[in-house]
Amino acid sequence: RLAGGAFAQAIYAAQPAVGGNPLPPSLTRLDAVNNNFATPEKLRVFTNSLTASYGITDQLTIKNILAYRTFTDRLTNALDGAGGLIDPFGSGNPFLITSVPIYSREKQWTDELQLNYKSAAFDAVGGIFYYTQRYNYQAPLFALKSVPNFTPPVGLVSKSRAKTHNSSIAGFVQATAHLTSRFDLTGGIRRTEDKRITTAIDPTSAAVQAGTFRRKFSHTDWTVNAAYRASDGLMFYGRVATGYLSGGVVTSGIPFKPEEITQYEVGIKSEMLDRRLRVNVAGFYSDYKDLQALDFSQGFVRFTNAGKSRIRGLEVEVSARPFDRLTLNANAGYTDFKYLSYVIGGVDLTDTYRPLYFPKFTSSANADLTLATFGSGSKLSLNVGAEYRSQIRYAQPVNSPALNAATISPRRLMLDGRVMLDDVQLSGADCRISLWARNLTNQRKLAYVADLGTVVEGTFQEPRSFGIDLSANF
């Protein structure tokens, strides 16, 4: 706690809403923070599924996959990580910068009925998929408030309480024709009908009306895939497919359209040297239209369709087994994302808006070495892995160089290791004992950043950690 609320006064005075200038954010990971408004998360999840399959003939099978999921989640998130402040206006009470108590509950059913056919000439699958979801959500936002006795204040920056009922039904069919012993041609089509119902109970602002809002959406998607096996260890393929992300209606009652994509992919899959070396290469290009994006321009948060984009890239996977005790795996990816048009609230941002959450380069590698095998059948092995990604931008550029730096997560390299003793027999159980270490070089870089208006919230990489795992299969 800072005497007289001096630090809280500085934060309050820095808010643009009261004519202040933003304070430069810290990019140093602290050893500890005072989150006296944070509470342990209480998450309760129940899932179940049932799969039934019946062979009508040797070639024809009917299959049904039924699943049910429910969860309840409660927590209070002190977004600012700045507990211990005192009211800068002299009351002596604790002072809150930004905090959100969250309660959410969901129930979800899915069912998929399939009819599968296999023969020497062609394979086919067709069926119906059904999905229904009911979701309740409450997340009031408290910001820059005095909090007597740590009791949540009455005055809110925004309220957010809503419930949704979403359902979807789709019919699909896909068939693969084996035109020759080396050439396959696949085609498929899917028709989807979606319903979206949103009820705003406590709107997020005065500009949003309470009420129930309904929308329906439908879409037809298709796919075509050609695969040619030049030899037993070499295959070339090409694929074109469409897809869509359903539209909806937010608590403002304003609908947004579905987001659509057309994807193109070509690649090579190969196995060589008696299957000791596997190399896969794929290039892809994706066209998006009616991009769904968050819009803050009307004084409340809503989804809108902002425009078009394209993504192109390349992926390479290599797996090698130089000798029986050593397996090496590596992959690398390049992704180039560009907005072709991006319009929010009638303002064309195409030339200034930057892609978020997209690293251009990613790669990983790991080595698995068997150190020893024992007469009992158990095995001692070592696994070492590395993961790299280039920098990621989490928020759009602003005029402050310090804030810009805080919203970019720099490139990073993570090193992990694990020693495992497998197939240990204990009292009839098959056991595994693992000693592991994560972030071996103790990297301290930003892992995620969000500009919340009143504060810039950031989380850093987890520090170097060690542990032991024990698992048993009976």
Side-chain angles (χ1 to χ4, degrees), residues 116 118 122-125 172 174-188 190 221-243 261-288 309-338 355 357-370 381-392 411-418 420:
N116 295 274
K118 288 184 177 292
F122 74 96
D123 305 330
V125 58
F172 61 91
Q174 180 169 303
T176 300
H178 309 299
L179 300 180
T180 71
S181 61
R182 295 191 178 276
F183 183 66
D184 293 338
L185 184 63
T186 300
R190 179 187 181 101
D221 294 300
W222 53 268
T223 183
V224 175
N225 186 90
Y228 175 69
R229 290 178 293 278
S231 65
D232 291 343
L234 181 62
M235 183 183 77
F236 300 89
Y237 72 92
R239 177 177 177 267
V240 183
T242 65
I261 182 175
T262 302
Q263 298 175 305
Y264 308 86
E265 182 178 342
V266 293
I268 301 172
K269 296 181 181 290
S270 64
E271 289 183 338
M272 298 166 277
L273 304 177
D274 195 24
R275 297 188 174 182
R276 287 184 174 270
L277 177 63
R278 180 181 296 113
V279 179
N280 299 329
V281 181
F284 60 89
Y285 185 95
S286 300
D287 270 323
Y288 285 88
S309 71
R310 65 103 175 107
I311 302 176
R312 60 190 180 190
L314 182 69
E315 295 178 349
V316 180
E317 297 178 351
V318 178
S319 178
R321 191 158 56 95
F323 51 90
D324 291 344
R325 289 179 176 268
L326 177 64
T327 300
L328 303 173
N329 294 290
N331 65 72
Y334 168 77
T335 303
D336 179 27
F337 185 109
K338 182 179 180 180
Y357 313 111
F358 274 97
K360 275 206 166 186
F361 299 97
T362 59
S363 63
S364 65
N366 71 77
D368 193 274
L369 176 63
T370 299
S381 60
L382 169 68
N383 184 279
V384 178
E387 182 179 318
Y388 169 83
R389 68 153 174 80
S390 57
Q391 74 172 24
I392 295 179
R411 63 185 180 181
R412 73 180 190 190
L413 176 66
M414 292 281 288
L415 300 177
D416 301 326
R418 181 181 292 266
M420 296 173 289

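Residue numbers count from 1 along this sequence. For clarity, every value in this text was computed on a predicted model and none was experimentally measured.
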Stepwise, does the side chain to side chain contact (heavy atoms under 4.5 Å, CB included) test hold for R278 with N280?
-> CA-CA 7 Å; R278 180 181 296 113; N280 299 329; 4.1 Å; yes
Side-chain donor/acceptor of T176 to backbone N/O of D123, under 3.5 Å =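 No, the answer is negative, given that no donor and acceptor are paired below the 3.5 Å cut-off.
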Report yes if some heavy atom in the side chain of F361 is under 4.5 Å from a heavy atom in the side chain of R389; otherwise report no.
->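 A side-chain contact is absent here, since even the closest heavy-atom pair is not under 4.5 Å.
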Kindly indicate whether the side chain of M420, heavy atoms from C-beta on, has any atom under 4.5 Å from the side chain of D368.
->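 With C-beta onward as the side chain, the pair touches.
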Please list all pairs passing the salt bridge (charged side-chain N to carboxylate O under 4.0 Å, His left out) test where one or both residues lie in residues 232-241, with sequence neighbours left out.
->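 Applying salt bridge (charged side-chain N to carboxylate O under 4.0 Å, His left out) to every pair that reaches into residues 232-241, excluding sequence neighbours, yields nothing.
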Sequence neighbours excluded and cut-off under 3.5 Å, please list the side-chain donor-acceptor pairs for residues 318-327, or say none.
residue : atom : partner : partner atom : Å
S319    : OG   : N329    : OD1          : 2.9
R321    : NH1  : D324    : OD1          : 3.2
D324    : OD1  : R276    : NH2          : 2.8
R325    : NH1  : T370    : O            : 3.3

Check whether the side chains of D221 and T242 place a donor and an acceptor atom closer than 3.5 Å, and report yes or no.
->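 Indeed, the side chains of D221 and T242 share at least one donor-acceptor pair under 3.5 Å.
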Pair T335-F284, side chain to side chain contact (heavy atoms under 4.5 Å, CB included): steps then yes or no = CA-CA 9 Å; T335 303; F284 60 89; 4.3 Å; yes
Decide, yes or no, whether a salt bridge links R312 with D336 under the criterion of side-chain N to carboxylate O below 4.0 Å.
->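 The answer is yes: the pair qualifies as a salt bridge.
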Report the C-alpha distance between N116 and K118 in whole Å, list the side-chain angles of each, state the deciding distance to 0.1 Å, and finish with yes or no for side chain to side chain contact (heavy atoms under 4.5 Å, CB included).
-> CA-CA 7 Å; N116 295 274; K118 288 184 177 292; 5.9 Å; no
With a cut-off of 6.0 Å (strictly less than), are more than 12 heavy atoms of other residues, nucleotides or ligands near CZ of R229?
->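 Atom CZ in R229 is packed in, count exceeds 12.
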Listed partners of A365 passing side chain to side chain contact (heavy atoms under 4.5 Å, CB included), at least two apart =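 A330.
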